[in-house]
Each structure stands twice: as C-alpha cells, then as structure tokens.
Amino acid sequence: MTGFSYSCDNKRYHTWSYYLRQKYGQKVCKIPLNAGFSCPNRDGTCGSGGCSFCSGNRGGDFGGDPALSIPEQFFGMREIFAKKWPESLSIAYFQAGTNTYAPLPVLQEKFEAALALPGVVGLSIATRADCLPPPVLDYLADLARRTDLTVELGLQTVHDQTARQINRGHDYAAFLAGYRALTDRSIPVCVHLINGLPGETEEMMRQSVRHVAALRPFAVKLHLLHLLRGTDLAAQYETAPFPLLEKEAYVRLICDQLELLPPETVIQRLTGDGDRRSLIGPLWSVRKREVLNAIDRELSRRGTVQGARFSPEFQP
C-alpha cells in the first residue's frame, strides 16, 4: 500500500477504475459511440480540416458506426466488453466529433436514447469549449442532475501559439469561458491534454498541467501525441520532421504531471491507443500495459504520489 488516499491497491494516482468502483461497487465500462456529429473546425464555421492530429473519424477511431442507431451501436460494442466483464454497468461515451454541435432536439434524441439503455448509469460527452450555447448548457445541467454526466473538453495545450499551429480553432480564453460555463452549472468536466505536440518543450507541457490543476477539474486525460497516416500533421511531418517523444521521456513527464495535479482529480487516461493500422509513431505506444507499468515503477522509485507538488496558490 502507498498511503495515497484515492487508492485501494498499489496505485499512486487517482485512477478512473478506483473512482467508479468506489461509486458503484463494481466494474463500469465506457462504451464508445459515434452519433455522426460534425465539427465547427471542419465545416468552415471556425476552420477547416480539423485539428491537425485528428483522424478522419473525428477522434472516434474506436467508436461505433454512425450509420447505426445509438442502441444498435451500444449493443454491438457492449457485446465485446461483456466477454471480459459480463456483469458490468455502462457509461455511454459520445466520443467522435463535437457532441454538442447540433440542434438541441437532435442532442436530446441521441442522449436520451443512450440513457434509456439497460445498465447505463451515465454519459460522457466529448465536445469543444466553443460549442456550448446557453440552451445546450441548460440541458447538460439537467442531465447532470439526472445521471452521472461528464463533459470532456479537448484543450490539448494552454499555449495559444501551439493551438494555432495544430489548428485547434479557438484560444485558451475560449476554453476557460466554456469550462467555467460548465462548472458554474455544477457539470463535471474532464480536460484533455496532449503531450508531444510539435514545438513544445517538456516545461511547456508541465505548464499546461499547472494551469489545468489550478482549475481543480473533476478529471483529466493525459494523451501521448499519436502521429496517424492521413492527418494534416502527418503531411507536415513528411516535409518537416519533428521529434516524437521517447518512452523514457514520456514516463518521466507523466510522473511530473501527476505530481502537479490535485489528488482528488480523477485520471481517466495516461496514454493513448493509436490505431495500429495508421500509426506512424511513436511505435512504442502500442505496448500500453508496458507504458503504464513503467509509470508505476517510476512513481515508486521517486517515492511520490499524485498531488505531491500540487500548488493551490498557483494563479494561471
């Protein structure tokens, strides 16, 4: 045992699995869905082509088929998860695209259909901070009162120069406005960050985490940049290669970032699952279990835990 408050095993950070087991007393699976929503950064509203790292599946490489209904996708994916966890509960995860970027009646139709499915105890809705108009925020607040709702915001970096380079389509101020609009309505938020974006130093990546930590979010996902074939970033890489993170550097960086985050923040992800069929690099990332084990070992070697260097006084 590590003595870390948010762990019942040897983990030194606040895992998503621990949070769910504490809340529900059993395994809960996150079922990825694709509602077929577009993105304002693809249709010309605020940009075109999308974020430079984003695949043609709009971030839903492991989601369902948007040609199928939400129940059809859910039961198909649930059958896969049930082979390993037959008695588990489910969170319906609207993963692909910008899942608040549609007329309110359309959002209500999709989300209510998911909530009505057997064993579903909550929703995770991935979206952009600049796609949260007041009527949608009011509906999300209603959902948060009725179910276990998390809204996932893709920040990726607090550095506006990097955001412009990856064509994110909004600045850090817009993220903060969206984040505060959600939290003011008591809607839990999971913030996504990406390590290894071109041009960023490790200190810049740590700085992104310091800023997010100061917000004290419900949850965080720390991703590794995956360079995927067919993306704008891959085309840039062909003409002007930039360094991809090595495994040892990534493990060290993740441990630094965990130390900076408040201990109560749930860590939903520490690495990613790039599609092996289109992954250019880093190739070591496909050995996910190996990476997670290396993070555990490094935290143990340091004798540290999540939050060890969290500074409540830090003002972004």
NZ/NE/NH1/NH2 to OD/OE distance under 4.0 Å, [X] and [Y]:
X      : Y      : answer
Arg206 : Glu202 : yes
Glu203 : Arg210 : yes
Arg128 : Asp130 : yes
Asp296 : Arg12  : no

Interatomic distance, [X] atom [atom1] to [Y] atom [atom2] [nearest 0.5 angstrom]:
X      : Y      : atom1 : atom2 : answer
Asp148 : Leu20  : CG    : CG    : 7.5 Å
Leu123 : Ile31  : CG    : CD1   : 12.5 Å
Arg287 : Thr271 : CZ    : OG1   : 11.0 Å
Leu104 : Glu109 : CG    : CD    : 11.5 Å
Asn195 : Leu253 : CG    : CG    : 4.5 Å
His159 : Arg164 : NE2   : CZ    : 12.0 Å

- Task: Might you work through the side chain to side chain contact (heavy atoms under 4.5 Å, CB included) test for Leu245 and Leu225, ending with a clear yes or no?
- Result: CA-CA 8 Å; Leu245 281 174; Leu225 175 67; over 6 Å; no

- Task: Looking only at non-hydrogen atoms, find the nearest pair between His170 and Gly154 and report the distance.
- Result: NE2-O, 4.4 Å

With no hydrogens and no angle check, just 3.5 Å: does a side-chain donor-acceptor pair link [X] and [Y]?
X      : Y      : value
Thr45  : Tyr101 : yes
Ser186 : Arg145 : no
Thr157 : Glu200 : yes
Glu152 : Tyr93  : yes

- Item | Tyr18 and His14 aromatic ring geometry - parallel, tilted or perpendicular at 30°/60° bounds | perpendicular

- With a distance cut-off below 6.0 Å to the six-membered ring centre and an angular limit of 45° from the axis, does Lys27 pair with Trp85 as a cation-pi contact? yes

- Query: Run the side chain to side chain contact (heavy atoms under 4.5 Å, CB included) check on Leu153 and Leu182 step by step: do they pass?
  - Reply: CA-CA 10 Å; Leu153 295 182; Leu182 290 164; 3.8 Å; yes

- Query: Do Leu227 and Leu283 belong together in a cluster built from hydrophobic side chains that touch within less than 4.5 Å?
  - Reply: no

- Item | side chain to side chain contact (heavy atoms under 4.5 Å, CB included) between Phe37 and Thr127, worked out | CA-CA 10 Å; Phe37 294 126; Thr127 190; over 6 Å; no

- Can you find a heavy atom in the side chain of His226 that is under 4.5 Å from one in the side chain of Ser278? no

- Message: A side-chain contact here means heavy atoms from C-beta on lying under 4.5 Å apart; do Phe175 and Val158 qualify?
- Response: no

- Item | Inter- and intrachain pairs under ring pair (Phe, Tyr, Trp, His ring centres under 6.0 Å), touching residues 105-140, at least two apart | Phe94-Phe111

- Start with the C-alpha distance between Leu155 and Arg168, add both sets of side-chain angles, then the distance that settles side chain to side chain contact (heavy atoms under 4.5 Å, CB included), and finish with yes or no. CA-CA 9 Å; Leu155 171 59; Arg168 189 177 64 194; 3.5 Å; yes

